[in-house]
Amino acid sequence: MPESHEFDLLCRGCEKVLSEHELRAKLALGRPLRVKLGVDPTAPDIHLGHSVGLSKLRQFQDLGHEAILIIGDFTAMIGDPSGRSVTRPQLTHQQVLSNAKSYQEQAFKILSRERARIVFNGEWFEAMSFEEVIKLNSRVTLQQMLVREDFRERIDKGQPIRAHEIQYPIMQGWDSVMIKADVELGGTDQLFNIMVGRDLQREEGQPRQVCMVMPILEGLDGKQKMSKSLGNYVALNESPGDMFGKLMSISDELMPKYYRILLSEELSAGGHPMESKKALARRITARFHSEADAAAAQAEFETRFSKKDLASADLPAFTPGGAARDIVSLLVEAYGQCFQLTKSRSDARRLVEGGSVQWRGEKVADPKAVLPQGEPGVLKLDKTRAVRIG
RNA sequence: GGGUAGGUUCCGGAGUGGCCAAACGGGGUGGACUGUAAAUCCACUGGCAUUGCCUUCACAGGUUCGAAUCCUGUCCUGCCCA
């Protein structure tokens, strides 16, 4: 492939490439480049937000380059302060390692196993002596660390910034030094961290990595970036039904962004927004499952939500274990058994009083209602959840 | 170390002895309307129980018939000074 074509392909979808001529020069070297992408296993799931960088990394792989996925088992314990207004909770190494395990599996839903290297940054950080840490820290100035806007904001608002938080960019940068990265990928919020990597590489006499940042995928709420802790995400290992359903809930306003970022294309004008959204949901679901699964998810979605036909919908089976058949007890039990959600009885009562609960298509508005023993039927809990009894 | 301002329910932020489970805003949840969209409107938003009870206002004690509100000590944070 001619270099210029490769260059164009790689730059597609990037928000910024620093610098383009350096990337061209690297590509012209004629050897596989070491392309770095770091993820911090702060939660067990990889979501669509992560998929943006991973897909770009995959593209590099397909062009013959080497993908280096850094699992930040060590940095995850610190927590990336990027875009944060409060200190992240610190995780134990054990939590992080267990998250890391499921991360790897999910990452290979996108990455090819060929030309991929997975590296834990604990590999070098764990072995570092305090002396080395000090030495590393002496390479940067406090002012450099504090210019970033999220820190500025916290200073302005009088919110604390703990000393360990400014270590984060330095550590991420050191990762680049350790693997001699040619390119580092990340979201736009990673620009600062990646640039620190360049500085450290220069200090170490290494050629500096090219920084390629991708747009940040907004979460389902359309307000903040997609993240586990905000609960506005779609995980890669979710069921086709959940994936499809969640994508159907995004706002019309958000749709063009999802088209652009996840499908790398422009949403064509005209057409009913709902149809465009179904197409989006269908294609993304198919990407992580199969076309057949996606089609089934869509069909299920349509019977369930468009036709509101709960009776023929594919619902989780609920077998009340307790003897109590009053509606509140049943709800609490169903949430726990079928959805792993702990609801208080007050909460369940509120749902009943709010008119969301239905038994066999009939609204149950009385919290004291008692369902007949042993009768089969569908119990609707809330907007998106229902179970089948019997 | 000194000075000073603070720590309230998911967040912001009222409340300075009883009428406080605690205003108001945001967020969230449920409902109406719809396209599981947006906007709008309504309700709910500590727990258990249906007129009540229990646990909450950094923590531990204390004063009071009665405290988020007063006192004492402790912990934590911002700012200023060293």
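Chain naming here is simple, since letters A, B, ... match the order of the sequence lines and numbering starts at 1 in each. Predicted, not measured: the structure shown is a model, and the values here were computed from it.
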Nearest-Å distance for atom pair [atom1]/[atom2], residues [X] and [N]:
X	N	atom1	atom2	answer
A:Phe339	B:U29	CZ	P	16 Å
A:Asp221	B:A38	CG	C1'	14 Å
A:Glu153	B:G78	CD	C1'	17 Å
A:Met248	B:A37	CE	C1'	9 Å
A:Asp347	B:G31	CG	P	13 Å
A:Leu220	B:G27	CG	C1'	16 Å
A:Gln159	B:A5	CD	P	21 Å
A:Arg350	B:G28	CZ	P	17 Å

Contact class for [X] (heavy atom, under 4.0 Å): base, sugar-phosphate, or nothing?
X	answer
A:Arg385	nothing
A:Arg349	base
A:Gly355	sugar-phosphate

I want to verify a distance call: between [options], whose nearest atom is closest to the [X] side chain?
X	options	result
A:Asp382	B:G27, B:U45, B:G30	B:G30
A:Ser356	B:G35, B:G31, B:G47	B:G31
A:Lys223	B:A38, B:G78, B:G28	B:G28
A:Arg345	B:C48, B:G28, B:G30	B:C48
A:Leu351	B:U29, B:G35, B:A38	B:U29

Seminar exercise, completed: Of A:Glu353 and A:Asp252, the one whose nearest nucleotide on RNA chain B sits closer to the 5' end is A:Asp252
Seminar exercise, completed: Assert: residue with more 5' nearest nucleotide on RNA chain B, out of A:Gly354 and A:Pro160, is A:Gly354
Paired with [N] by Watson-Crick or G-U wobble geometry, both distances under 3.5 Å: which nucleotide is it?
N	value
B:U51	none
B:A60	B:U72
B:U16	none
B:U40	B:A32
B:A5	B:U77
B:C10	B:G26

Between [X] and [Y], does any side-chain N to carboxylate O distance fall below 4.0 Å?
X	Y	value
A:Glu184	A:Lys36	yes
A:Arg117	A:Glu66	yes
A:Asp326	A:Arg349	no
A:Glu218	A:Lys257	yes
A:Arg282	A:Glu291	yes
A:Arg148	A:Asp150	yes
A:Asp314	A:Arg388	no
A:Asp80	A:Arg88	no

For this session: May I ask you to check if A:Lys343 and A:Tyr335 form a cation-pi contact, with NZ or CZ under 6.0 angstrom from the six-membered ring centre and within 45° of the axis?
Result: yes
Problem set entry | Cationic tip of A:Arg154 above A:Phe151 ring, under 6.0 Å, 45° of axis |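 That pair does not qualify as a cation-pi contact.
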Pick the [atom1] atom in [N] and in [M], then give their distance to the nearest Å.
N	M	atom1	answer
B:A5	B:U9	P	22 Å
B:U8	B:A60	P	16 Å
B:A39	B:G30	P	16 Å
B:G3	B:C53	C1'	47 Å
B:G15	B:A58	P	15 Å
B:A82	B:U63	C1'	38 Å

Seminar exercise, completed: The correct set of residues in residues 258-279 of chain A placing a heavy atom under 4.0 Å from RNA chain B is A:His272, A:Pro273, A:Met274, A:Lys277
Problem set entry | Any residue of residues 227-239 of chain A with a heavy atom less than 4.0 Å from an atom of RNA chain B | none
Problem set entry | B:G47 phosphate, OP1 or OP2, under 4.0 Å from A:Ser344 side-chain N/O | yes
Exercise. Phosphate oxygens OP1/OP2 of B:G31: is one of them under 4.0 Å from a side-chain N or O of A:Lys380?
Worked result: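 It does, given that an N or O in the side chain of A:Lys380 lies less than 4.0 Å from OP1 or OP2 of B:G31.
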Problem set entry | Option among A:Arg208, A:Lys26, A:Arg198 that satisfies the salt bridge (charged side-chain N to carboxylate O under 4.0 Å, His left out) test with A:Asp182 |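 Per the salt bridge (charged side-chain N to carboxylate O under 4.0 Å, His left out) rule, the option paired with A:Asp182 is A:Lys26, out of A:Arg208, A:Lys26, A:Arg198.
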Problem set entry | Any A:Leu69 side-chain heavy atom under 4.5 Å of A:Val39 side chain | yes
